There are 2 protein chains.
Amino acid sequence: MKKKIPDKTVQRLSVYYRCLYFLSQQGTGEISSKSLADLLEMKPDQVRKDLSYFGKFGKRGSGYYVPDLVQQIAKILGLEHGRKVAVVGMGNLGTALAAYKGFEVLGFNVVATFDVSPQKIGKKIRGVMCYGMKDLNKVIKEKNIEMALLTVPPEVVQEVTSAIVAAGIKAILNFSSVTLNVPKGVKASDVDLASELKSLSYFMTTSNR
Amino acid sequence: MKKKIPDKTVQRLSVYYRCLYFLSQQGTGEISSKSLADLLEMKPDQVRKDLSYFGKFGKRGSGYYVPDLVQQIAKILGLEHGRKVAVVGMGNLGTALAAYKGFEVLGFNVVATFDVSPQKIGKKIRGVMCYGMKDLNKVIKEKNIEMALLTVPPEVVQEVTSAIVAAGIKAILNFSSVTLNVPKGVKASDVDLASELKSLSYFMTTSNR
DNA sequence: CACACTTTGTGAAATAATTCACAAGGTGTC
DNA sequence: GACACCTTGTGAATTATTTCACAAAGTGTG
Ligand SMILES: NC(=O)c1ccc[n+]([C@@H]2O[C@H](COP(=O)([O-])OP(=O)(O)OC[C@H]3O[C@@H](n4cnc5c(N)ncnc54)[C@H](O)[C@@H]3O)[C@@H](O)[C@H]2O)c1
Ligand SMILES: NC(=O)c1ccc[n+]([C@@H]2O[C@H](COP(=O)([O-])OP(=O)(O)OC[C@H]3O[C@@H](n4cnc5c(N)ncnc54)[C@H](O)[C@@H]3O)[C@@H](O)[C@H]2O)c1
């Protein structure tokens with residue numbers, strides 16, 4: 001029964017979640033794959049196919065019951081119980097991320113931040129303490145932190161990665177443009193803004209939609 | 001002769017560029033698709049196939065001459081002459097982006113920032129002035145700005161998008177999790193950190209590499 | 001309850017992307 | 001210059017993803 005689920009499907013699941021969460025807040029009861037697809041500018045077939053990888057959540061004739069579907073997707077994505085997140089590297093970007101309120105509603109709670117600079121250590125952002133790197137192990141284990149947003153300078157990325165993996169971090173969102181080397185069992189993913197800009201630039205020069 | 005070039009290929013081109021640029025700085029002369037692929041943890045076939053969409057840049061027996069290839073890719077991506085960029089919405093994230101030095105070396109120059117808040121207007125970050133939204137048209141036209149990093153609150157994203165498109169912006173990198181509505185001829189692309197986190201969370205629960 | 005309409009879930013078909021495999025060149029050594 | 005060894009560029013094969021198309025079910029109206 002183990003059919004492999006495309007990465008693309010998982011990514012789209014995140015998008016569905018955002019939209020459905022919003023709809024559930026609005027009090028929407030049921031929605032058809034058609035309406036959801038319209039909202040997201042995609043095809044209904046795609047929506048149904050994606051959901052069908054994980055089960056049968058809909059009802060023929062009427063569609064999907066939004067509150068239930070939100071729950072189901074949250075479960076699939078592992079968002080039901082909230083995930084504890086650390087920000088490592090409290091520079092410009094790290095500070096912005098730590099200050100951002102938008103992650104919380106999705107169940108991602110920044111519960112600690114880390115830096116090497118004595119100027120940063122001991123400061124609080126939104127009530128969250130900035131620890132020194134020597135407390136990495138202790139704090140990550142104590143607070144049971146699973147994910148890290150990695151915003152340190154490129155030169156130290158690999159070294160810091162090793163340290164946080166050793167401390168028990170299981171997933172890393174990496175903002176430097178350095179390819180991360182992580183052991184099996186740890187998932188890393190890159191946010192490469194420079195590459196995004198370059199792609200945009202390409203499409204500007206060719207100007208095909 | 002118009003074979004369609006996959007989006008994925010363009011994205012990877014950005015990655016090759018970053019790596020090759022770095023290598024050229026190091027003084028590397030030639031590199032084989034194999035070595036480049038190893039560096040990026042991918043297959044040589046993929047590298048060659050991607051490059052072959054745009055021309056024949058290599059030499060059999062020895063590989064690609066790095067300085068030339070960097071040039072060629074820069075040209076393909078439209079990076080030769082530099083692109084002027086504006087940051088719109090100088091909150092936490094916008095400020096971090098405007099302060100970032102890493103875009104410049106790639107030919108992306110932040111030459112203006114915008115906000116509505118009187119507290120932000122008139123301030124300078126890295127020597128770049130923050131203008132009010134009423135100056136949008138004037139400044140974008142005067143400075144010939146083509147791209148925008150959009151970091152305003154979700155509620156006003158669509159409204160602000162319309163304004164900057166009207167002012168002449170041709171490409172937008174959108175950081176809100178709101179799907180942008182842009183006219184044909186304008187390219188928009190989303191950086192959705194929340195979705196990235198959700199995907200990571202999924203892979204953590206299933207823990208398949 | 002019959003019938004006209006919706007909508008899901010899913011194999012099968014169509015498209016798209018990646019990987020293979022190899023001919024055609026190039027390099028270097030003796 | 002002959003031989004052993006690399007490396008590119010690219011059709012063809014393979015694999016992945018999307019789209020199609022339709023049976024099976026649910027809704028609602030009179
Ligand atoms: N700021 C941006 O908009 C932006 C955009 C794209 C990519 N990035 C990338 O994100 C990363 C951070 O960017 P930034 O602009 O916030 O840089 P920054 O210099 O403002 O912040 C880096 C922080 O990391 C801390 N640090 C340094 N060494 C450390 C270590 N060994 N352990 C823990 N902390 C350490 C520093 O004290 C500093 O606070 C960089 O890799 C950069 O390339 C940033
Ligand atoms: N900060 C983050 O780490 C983060 C992460 C993910 C997504 N985002 C998204 O990025 C956007 C910005 O986030 P932020 O944390 O920087 O928010 P912020 O509130 O700190 O900044 C928003 C800025 O936009 C300005 N603004 C408001 N209305 C405007 C208008 N009509 N025209 C021009 N400027 C206007 C505000 O004055 C403010 O300076 C949001 O859409 C947010 O959802 C932020």
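Values below: all heavy atoms of this structure, side chains included; hydrogens, waters and symmetry mates excluded. Being a predicted model, the structure only gives us computed values, none of them experimental. To find a chain, count down the sequence lines: A is the first, B the second, and so on, and within it residues start at 1.
Scanning residues 31-40 of chain B for heavy-atom distances under 4.0 Å to DNA chain D yields B:Ser32, B:Ser33. Near-neighbour residues of DNA chain D inside residues 62-73 of chain B, defined by a heavy atom below 4.0 Å, number-ordered: B:Ser62, B:Gly63, B:Tyr64.
Comparing C:dG9, D:dT10, D:dT27 by their closest approach to the side chain of A:Ser52 singles out C:dG9.
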Let me have a per-nucleotide readout for nucleotides 16-21 of chain D, 5' to 3', with B, S or -, counting only protein heavy atoms under 4.0 Å.
SSSBBB

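The interatomic distance linking A:Lys59 (NZ) with C:dT8 (C1') rounds to 12 Å, in whole Å. The distance between atom CD of B:Gln11 and atom C1' of C:dT18, rounded to the nearest whole Å, is 15 Å. B:Arg60 places its CZ atom 5 Å from the C1' atom of D:dT8, with the value rounded to the nearest Å.
Under a cut-off of 6.0 angstrom, the local environment of CZ in B:Phe103 is crowded, with over 12 non-hydrogen atoms contributed by other residues, nucleotides or ligands. The local environment of OH in A:Tyr65 is sparse, with at most 12 non-hydrogen atoms from other residues, nucleotides or ligands closer than 6.0 Å.
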Determine, step by step, whether B:Val87 and B:Met90 satisfy the side chain to side chain contact (heavy atoms under 4.5 Å, CB included) criterion, reporting the C-alpha distance in whole Å, the side-chain angles of both residues, the deciding distance to 0.1 Å, and the verdict.
CA-CA 7 Å; B:Val87 176; B:Met90 288 297 281; 3.7 Å; yes

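Counting only residues at least two apart or on different chains, the side chain to side chain donor-acceptor pair (under 3.5 Å) pairs with a member in residues 69-86 of chain A are A:Arg83-A:Glu146, A:Arg83-B:Ser201. The salt bridge (Lys or Arg N to Asp or Glu O under 4.0 Å) contacts involving residues 92-114 of chain B comprise B:Glu104-B:Arg126, where partners must be two or more places apart or lie in separate chains.
Between A:Asn92 and B:Tyr100, the side chains place no donor N or O within less than 3.5 Å of an acceptor N or O (distance only, hydrogens not considered). A donor-acceptor contact closer than 3.5 angstrom is absent between the side chains of B:Ser117 and B:Asp115. A:Ser177 and A:Asp192 share no donor-acceptor pair across their side chains, judged by distance under 3.5 Å alone.
Taking the six-membered ring for Trp and thresholds of 30 and 60 degrees, B:Phe54 and A:Tyr202 have ring planes more than 60 degrees apart, a perpendicular arrangement.
Partners of A:Ser33 under the side-chain hydrogen bond (donor to acceptor under 3.5 Å, both in side chains) rule, at least two apart in sequence or in another chain, are A:Arg48.
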